[in-house]
Amino acid sequence: MRVLITGAAGFLGSHLCDRFIAEGHTVVGMDNLITGNMDNLTQLAGHERFHFIKHDVSNYIYVPGDLDAVLHFASPASPNDYLEHPIPTLKVGSLGTHNTLGLAKAKRAKYLLASTSEVYGDPEVNPQPETYWGNVNPIGPRGVYDEAKRFAEAMTLAYQRYHGVEARIVRIFNTYGPRMRLNDGRVVPNFIYQALKGEPLTVYMDGSQTRSFQFYSDLVEGIYRLLLSDEKLPVNIGNPSEMTILDFAHAVVEIARSESEIKFVTPTDERITDDPKVRRPDISKARRVLGWEPKVDLADGLAKTVDYFREKID
Ligand code: UDP
């Protein structure tokens with residue numbers, strides 16, 4: 001296949017580029033580099049089946065030649081990033097999705113949208129199955145991301161139903177691993193950085209809010225299977241092992257063999273507004289339609305991620 005991956009220089013986009021190259025496909029990577037970084041693609045520089053185009057997909061996209069698949073992964077993805085870039089976040093989820101769908105239609109390519117567990121907002125149902133409609137505040141600070149992704153899902157389904165584009169939608173739950181940005185503000189890089197520096201781990205509020213963390217390689221496998229599947233509606237891909245943020249802080253301290261203390265802080269800015277109190281994927285659908293489930297446990301995944309950050313800090 002010849003595949004376009006938007007957000008190619010990001011954490012997930014770059015791992016997807018690696019996977020498609022490893023499977024023998026040709027990859028066109030696209031990124032405007034507002035939160036992506038070319039360091040994530042150094043391993044592919046000069047590869048004969050990899051090409052990079054610096055472009056903002058919120059503007060009209062021109063790609064010469066055939067495409068068999070378009071994977072739309074471009075977007076700021078951490079709460080800090082979308083608070084800092086609210087309008088580009090809204091644009092890439094809406095206009096960027098429209099442009100990439102238009103491109104997929106013109107090239108008769110398969111399409112895969114990176115959606116998110118944020119479409120469930122601050123969920124009143126736990127775990128969240130794909131049939132849950134969510135509890136999103138459209139005008140809160142997270143609304144710029146959540147509503148853009150909800151619009152993106154609606155647009156993708158419309159292109160599927162009215163234009164016959166073969167589309168797939170993955171709802172991605174919290175994912176971590178090498179190539180996350182050290183300063184993206186999310187809990188995984190924050191805690192690992194703090195643990196490695198011997199600084200206190202900043203647990204927001206009382207740390208009783210929960211998340212379920214999956215290692216990036218499990219996600220990449222799920223996405224690859226989804227693209228090749230016949231499933232037309234959204235599929236959750238995440239690790240169902242849910243834990244409190246306080247327990248997660250203890251796990252990071254232990255795995256990084258750190259002396260850091262844990263400090264409870266309540267940010268006074270918008271970072272914690274509408275922070276979901278619980279989040280856990282119901283993955284019965286992924287098990288059923290993709291034969292997929294996560295394989296990497298937290299201790300192994302965290303150890304690899306700690307090694308990566310240790311090297312970056314050095
Ligand atoms: N969090 C925290 N300390 C930090 C950063 C985040 O306690 O230094 C909490 C945050 O309030 C949220 C959870 O960790 O409840 C996950 O936050 P993250 O920004 O990683 O992503 P989210 O899952 O909210 O999109």
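Atom set for the values below is all heavy atoms of this structure, side chains included, hydrogens, waters and symmetry mates excluded. Computed from a predicted model, the values in this text were never measured in an experiment. Atoms within a ligand are numbered from 1 in the order they appear, just like the ligands themselves.
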Minimum heavy-atom distance between His15 and Phe11, given as atom pair plus value: CD2-O, 3.0 Å

Proximal protein residues to ligand 1, non-hydrogen atoms under 4.0 angstrom: Pro79, Glu118, Arg142, Asn174, Gly185, Arg186, Val187, Asn190, Phe191, Thr202, Val203, Tyr204, Gln209, Arg211, Ile245, Asp275, Arg279

Sub-4.5 Å side-chain heavy-atom contact between Tyr176 and Tyr216: no

Lys/Arg-Asp/Glu bridge criterion (N-O < 4.0 Å) met for Arg142, Glu118: yes

Presence of salt bridge, Glu147 and Arg150, under 4.0 angstrom: yes

Salt-bridge contact Glu221-Arg19 (side-chain N to carboxylate O under 4.0 Å): yes

Remaining members of the apolar cluster that contains Val165, side-chain heavy atoms under 4.5 Å: Leu4, Val28, Met30, Ile53, Val57, Ile61, Val63, Leu67, Val70, Val92, Leu101, Leu103, Tyr111, Leu113, Phe151, Met155, Leu157, Tyr159, Ile169, Leu233

